[in-house]
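What follows is a short report on a single structure.
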Amino acid sequence: MPVSRRDLLRWQFDLAWSLFEFHLDRLTEEDVLWEPASLCWTVRPGADGVWRPDWEESEPDPVPVPTIGWIGWHVGWWWSTAADHARERTPRRREDIGWPGDRESAVEWLRGLRTEWLAVLDGFTDTDLDATAPFPWQDAPEMTVAHMVAWVNAELMKNVAEIGQLRLVRAASAG
């Protein structure tokens with residue numbers, strides 16, 4: 001029985017999300033800002049109370065190891081931007097996307113982004129999926145919205161694996 005491209009992309013997303021839920025349900029407050037190395041990127045509250053990520057415009061060498069909080073912010077940033085592009089809204093700037101500040105709020109935020117993304121994904125038709133991708137490949141007509149959705153799925157899976165690995169390493173280090 002043939003499956004539509006949208007349904008296949010939705011299945012792939014749901015698979016990645018189910019793995020994310022496994023880790024989100026087990027995250028502790030202590031996990032989120034645990035710094036796994038001396039060279040580390042994390043999220044910090046600014047004077048205005050908004051939590052912002054450590055960031056450099058060009059990636060340093062060596063690359064700092066991110067905290068789970070930083071990775072969660074990163075997911076929120078690229079996912080918000082992808083949803084904005086898919087909905088033909090002006091995309092939010094990286095500087096405008098803060099981290100919620102604690103585990104519970106971050107998990108709620110990420111689950112809210114999932115709901116927003118599913119509304120976008122479930123609304124795509126085959127014609128929509130064939131259109132030129134607005135993000136992350138501007139000016140690349142061979143890249144379609146279907147490619148963008150597949151990229152979202154791959155990026156989510158990568159970030160879920162990073163969060164899971166950090167959570168496991170912290171737990172193993174503590175014991």
Side-chain angles (χ1 to χ4, degrees), residues 13 16-17 19-20 23-24 26-114 116-117 120 132-143 145 147-174:
F13 173 83
W17 186 262
L19 296 171
F20 202 15
H23 292 297
L24 291 176
R26 289 159 179 80
L27 273 180
T28 67
E29 195 68 43
E30 294 77 23
D31 290 336
V32 176
L33 296 179
W34 173 67
E35 296 188 6
S38 58
L39 181 58
C40 189
W41 272 355
T42 191
V43 287
R44 305 170 199 281
D48 59 0
V50 176
W51 287 71
R52 292 200 169 71
D54 294 331
W55 186 263
E56 292 184 33
E57 286 304 318
S58 51
E59 193 167 80
D61 183 22
V63 176
V65 178
T67 63
I68 290 172
W70 191 95
I71 296 168
W73 163 81
H74 185 253
V75 170
W77 169 43
W78 62 254
W79 212 353
S80 297
T81 303
D84 288 344
H85 279 285
R87 288 193 160 157
E88 299 179 349
R89 299 186 300 216
T90 301
R92 288 163 265 194
R93 299 175 318 137
R94 175 186 50 80
E95 300 83 6
D96 296 334
I97 298 174
W99 184 70
D102 62 70
R103 178 227 167 265
E104 184 177 340
S105 299
V107 169
E108 183 178 317
W109 176 53
L110 292 166
R111 286 178 175 150
L113 288 171
R114 173 189 177 267
E116 181 182 350
W117 182 250
V120 170
T132 300
F135 178 80
W137 307 280
Q138 291 78 5
D139 304 317
E142 69 279 7
M143 303 305 278
V145 170
H147 287 100
M148 180 184 75
V149 173
W151 172 82
V152 165
N153 292 346
E155 188 71 14
L156 180 62
M157 181 66 74
K158 175 187 76 76
N159 291 145
V160 167
E162 292 168 335
I163 288 171
Q165 188 67 32
L166 284 168
R167 192 180 69 73
L168 294 172
V169 167
R170 182 179 179 280
S173 299

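Here, residue 1 is the first one in the sequence, and each next residue gets the next number.
In this structure, CD on Glu155 lies 5.5 Å from NE2 on His74, to the nearest 0.5 angstrom. Interatomic distance, OG1 of Thr67 versus CZ of Arg170, reported as 12.0 Å (0.5 Å rounding). Between Asn159 atom CG and Trp70 atom CH2 the span is 8.5 Å, to the nearest 0.5 Å. To the nearest 0.5 Å, the span separating CZ on Arg93 from CG on Asp96 amounts to 4.0 Å. The CD1 atom of Ile68 sits 11.0 Å away from atom CD of Glu30, with the distance rounded to the nearest 0.5 Å. Distance CZ/Phe20 to CG/Leu110: 5.0 Å, rounded to 0.5 Å.
Between Ala133 and Met148, the shortest heavy-atom distance links the atoms CB-CB, 4.3 Å. Scanning both residues, Val152 and Ala82, for their nearest heavy atoms gives CG2-CB, 4.0 Å. Considering every non-hydrogen atom in both Cys40 and Pro64, the closest pair reads C-CB, 3.8 Å. The nearest pair of heavy atoms linking Gly72 to Ile163 is N-CD1, 4.5 Å. Of all non-hydrogen atoms in Val145 and Pro134, the two that sit nearest each other are CG2-CD, 4.0 Å. Among all heavy-atom pairs drawn from Pro36 and Val65, the shortest one is CG-CG1, 3.3 Å.
Under a cut-off of 6.0 angstrom, the local environment of CD in Glu88 is sparse, with at most 12 non-hydrogen atoms contributed by other residues, nucleotides or ligands. Open room surrounds CD on Glu108; 12 or fewer heavy atoms of other groups in view lie less than 6.0 Å from it.
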Check: Do Val32 and Asp102 pass the side-chain contact (heavy atoms from CB on, under 4.5 Å) test, and can you show the C-alpha distance, the side-chain angles, and the key distance before you say yes or no?
Finding: CA-CA 8 Å; Val32 176; Asp102 62 70; over 6 Å; no

Next item on the list: Go through the steps to decide whether Asp54 and Arg44 satisfy the test side-chain contact (heavy atoms from CB on, under 4.5 Å), and finish with yes or no.
Entry: CA-CA 8 Å; Asp54 294 331; Arg44 305 170 199 281; 2.9 Å; yes

Next item on the list: Kindly indicate, with the supporting measurements, whether the criterion side-chain contact (heavy atoms from CB on, under 4.5 Å) is fulfilled by Phe13 and Arg114.
Entry: CA-CA 10 Å; Phe13 173 83; Arg114 173 189 177 267; 3.9 Å; yes

Next item on the list: Could you walk me through whether Trp51 and Leu33 pass side-chain contact (heavy atoms from CB on, under 4.5 Å), step by step?
Entry: CA-CA 12 Å; Trp51 287 71; Leu33 296 179; 3.8 Å; yes

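Ion pairing between a basic and an acidic side chain is recognised when a charged N comes within 4.0 Å of a carboxylate O; Asp31 and Arg167 show no such pairing. Note on Glu116 versus Arg89: salt bridge recorded, some NZ/NE/NH1/NH2 to OD/OE distance being below 4.0 Å.
For the pair Trp73 (side chain) and Ile97 (backbone), a donor-acceptor distance under 3.5 Å is present. Under a 3.5 Å cut-off, the side chain of Glu29 and the backbone N or O of Arg103 do form a donor-acceptor pair. Judged by distance alone, with hydrogens and angles left aside, the side-chain atoms of Ser105 form no donor-acceptor pair with the main-chain N or O of Gly101 at under 3.5 Å.
Centroid-to-centroid, the aromatic rings of Trp99 and Trp77 stay 6.0 Å apart or farther. For His147 and Trp151, the ring centers sit 6.0 Å or farther from each other.
Side-chain contact, Thr81 with Asp84: no donor N or O sits under 3.5 Å from an acceptor N or O.
For the pair Ser80 and Trp117, the minimum side-chain heavy-atom distance is 4.5 Å or more. In this structure, the side chains of Val169 and Leu166 stay at 4.5 Å or more apart for every pair of heavy atoms.
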